[in-house]
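Notes to accompany the following structure.
Numbers restart at 1 for each chain; the letters A, B, ... are given by sequence-line order, proteins then strands.
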2 protein chains.
Amino acid sequence: MGKYTISEVAEKMGVSAHTLRYYDKEGLLPFVEKVNGRRVFKDEDFAWLRVLNCLKKTGMPLKEIRRYQELCAKGDDTLEERLQIMLNQKAAIEEKIELLKLNMKELDYKIWYYQKAIEAGTEKIHSEHMCNPTLEPDEIPDS
Amino acid sequence: MGKYTISEVAEKMGVSAHTLRYYDKEGLLPFVEKVNGRRVFKDEDFAWLRVLNCLKKTGMPLKEIRRYQELCAKGDDTLEERLQIMLNQKAAIEEKIELLKLNMKELDYKIWYYQKAIEAGTEKIHSEHMCNPTLEPDEIPDS
DNA sequence: ACTTGACTTAGAGTTACCTCTAAGTTGTAT
DNA sequence: ATACAACTTAGAGGTAACTCTAAGTCAAGT
């Protein structure tokens, strides 16, 4: 069973050692042992680090992650509560994805808008009175 | 052509008036006129507010949104640059969605894990030596 | 023995994005 | 005329999540 220093873990998880110490201070890594004052990470700790990463990446605040960690530590009595947290998080992700897809549409419109404008050499092509391509610049009404 | 106070706009856009003033201070709303020192929003301002919202919702920092706004103000010379910003943002969103979907899988596993554990009444069902369902509690090796 | 480099701590600083406060002004309703 | 709500400003305060600093400890290599 391997042992790892903080910076080995940091590299593996793609965060800084500073950040891991910060997580530890915030109570997110209560299982980490210390030898001569130094943190020693074990193979089985990576499972939790992966969960931590997953919750963080999906936007859960560190405080809630800590609360989840505390529930895990309490054992079987908290199974339902933990399931609920995961179900909520899944719902939150689904909502996020929907929102991103919706905003993507707006972006796609903008991309089309700029592509057309670049073709025409000017953004004015999109203003109301320019929609008629037969209209020459000097024929465009002032307002 | 309608005119709107800051709090009308705030409600319509789902942000606080405080926040709109902050955006103005940060240079994100350079077009807003003032009458007697008070901001007056016009119908056409909502188009930009929608774009602002879209970029913000998809994670663009306010500074970059401001930069984009400045490019818009400069006119046709910046069309290519603005197209590029939109293309980059689209790519960023796509990456975000992929990442969320990936993390969703981890979450789905956890949901399954807790559902099984709740069925069994204990999380121990998932530990290695419990994978054999014919094994009775008193037959489980100690370590 | 000494240097090197990774580790430790408490705590200060940073960035992004608000969020609020205080003191004052203005427009509208009664 | 007066009250009242909504607006204004500059600037302070807040929160999340780092990020860094200073001063020190420890273990391994030469």
Side-chain angles (χ1 to χ4, degrees), chain A residues 2-42 45 48-70 89 92 96 99 103, chain B residues 2-42 45 48-49 51-70 85 89 92 96 99 103:
Chain A
K3 311 224 165 185
Y4 308 88
T5 68
I6 196 165
S7 45
E8 283 168 340
V9 176
E11 186 168 5
K12 265 182 221 270
M13 301 305 295
V15 296
S16 73
H18 276 315
T19 300
L20 285 176
R21 278 189 211 104
Y22 168 72
Y23 287 172
D24 195 10
K25 197 163 63 175
E26 295 298 303
L28 270 73
L29 313 173
F31 48 79
V32 176
E33 288 175 23
K34 288 195 182 178
V35 175
N36 278 325
R38 294 172 185 208
R39 291 170 186 81
V40 177
F41 290 76
K42 297 190 293 297
D45 298 343
W48 166 247
L49 287 171
R50 264 197 307 281
V51 174
L52 169 51
N53 229 337
C54 169
L55 295 174
K56 196 163 59 85
K57 289 264 176 66
T58 57
M60 186 182 284
L62 296 187
K63 272 185 192 169
E64 280 175 48
I65 298 177
R66 182 189 167 157
R67 163 149 180 71
Y68 171 68
Q69 148 68 41
E70 285 163 358
Q89 194 63 9
K96 254 175 223 208
L99 213 137
N103 283 302
Chain B
K3 310 224 164 187
Y4 308 88
T5 67
I6 197 164
S7 45
E8 283 167 340
V9 176
E11 185 167 6
K12 264 182 222 268
M13 301 305 294
V15 296
S16 73
H18 278 314
T19 300
L20 285 176
R21 280 190 210 103
Y22 168 71
Y23 287 172
D24 195 10
K25 197 163 64 174
E26 295 298 303
L28 271 72
L29 313 173
F31 48 79
V32 176
E33 287 175 25
K34 289 195 181 177
V35 174
N36 278 325
R38 293 172 185 209
R39 292 170 186 82
V40 177
F41 291 75
K42 297 191 292 298
D45 298 343
W48 166 248
L49 287 171
V51 175
L52 168 53
N53 228 337
C54 169
L55 295 174
K56 196 162 59 85
K57 289 263 176 69
T58 57
M60 186 182 285
L62 296 188
K63 271 184 193 170
E64 281 174 49
I65 297 177
R66 182 188 168 157
R67 162 149 181 72
Y68 170 69
Q69 148 68 39
E70 285 163 358
I85 287 172
Q89 194 64 7
K96 255 176 222 207
L99 213 137
N103 283 303

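Among the protein residues, K25(B) comes within range of the nucleic acid bases, having at least one heavy atom under 4.0 Å from a base atom. Counting any heavy atom pair closer than 4.0 Å across all strands shown, R39(B) reaches sugar-phosphate atoms only and no base atom. Looking at heavy-atom distances under 4.0 Å, S16(B) makes no contact with the nucleic acid at all.
Put simply, K34(A) has a side-chain N or O that comes within less than 4.0 Å of OP1 or OP2 on dT9(C). For dA16(D), neither phosphate oxygen OP1 nor OP2 lies less than 4.0 angstrom from any side-chain nitrogen or oxygen of R66(A). The shortest distance between the side-chain N/O atoms of T5(A) and the OP1/OP2 oxygens of dC7(C) is below 4.0 Å. Neither OP1 nor OP2 of dT25(D) sits under 4.0 Å from any side-chain N or O of N36(A). OP1 or OP2 of dC26(D) has not a single side-chain nitrogen or oxygen of R38(A) nearer than 4.0 Å. A close approach under 4.0 Å does occur between a side-chain nitrogen or oxygen of Y23(B) and OP1 or OP2 of dC18(C).
Judged by distance alone, the side chain of D24(B) and the main-chain N or O of L20(B) form no donor-acceptor pair under 3.5 Å. Here the side chain of E64(B) pairs no donor or acceptor atom with the backbone of P61(B) at under 3.5 angstrom. Q89(B) places a side-chain N or O within donor-acceptor distance of the main-chain N or O of T58(B), the cut-off being under 3.5 Å.
Note: CE (M13(A)) to P (dA17(D)) measures 17 Å, nearest angstrom. Across the protein-nucleic acid pair, I6(B) atom CD1 and dA6(D) atom C1' stand 11 Å apart, rounded to whole Å. Per the geometry, NE2 belonging to H18(A) stands 13 Å off P belonging to dA6(C), to the nearest Å. Rounded to an integer number of Å, the gap from NZ of K56(A) to P of dA17(D) is 9 Å. Regarding L29(A), its CG atom lies at a distance of 12 Å from the P atom of dT8(C), rounded to whole Å. The interatomic distance linking Y22(A) (OH) with dG11(C) (P) rounds to 16 Å, in whole Å. Atom-to-atom, CG of D24(A) to P of dC7(C) comes out at 14 Å; the value is rounded to the nearest Å. Whole-Å rounding puts the E26(A) CD to dA16(D) P distance at 10 Å.
Around atom CD of E26(B), more than 12 heavy atoms belonging to other residues, nucleotides or ligands sit under 6.0 Å away.
With respect to R66(A) and E70(A), a salt bridge is recorded, a charged nitrogen being found less than 4.0 Å from a carboxylate O.
Mapping V35(B) and E8(A) onto DNA chain C by nearest heavy atom places E8(A) closer to the 5' end of the strand.
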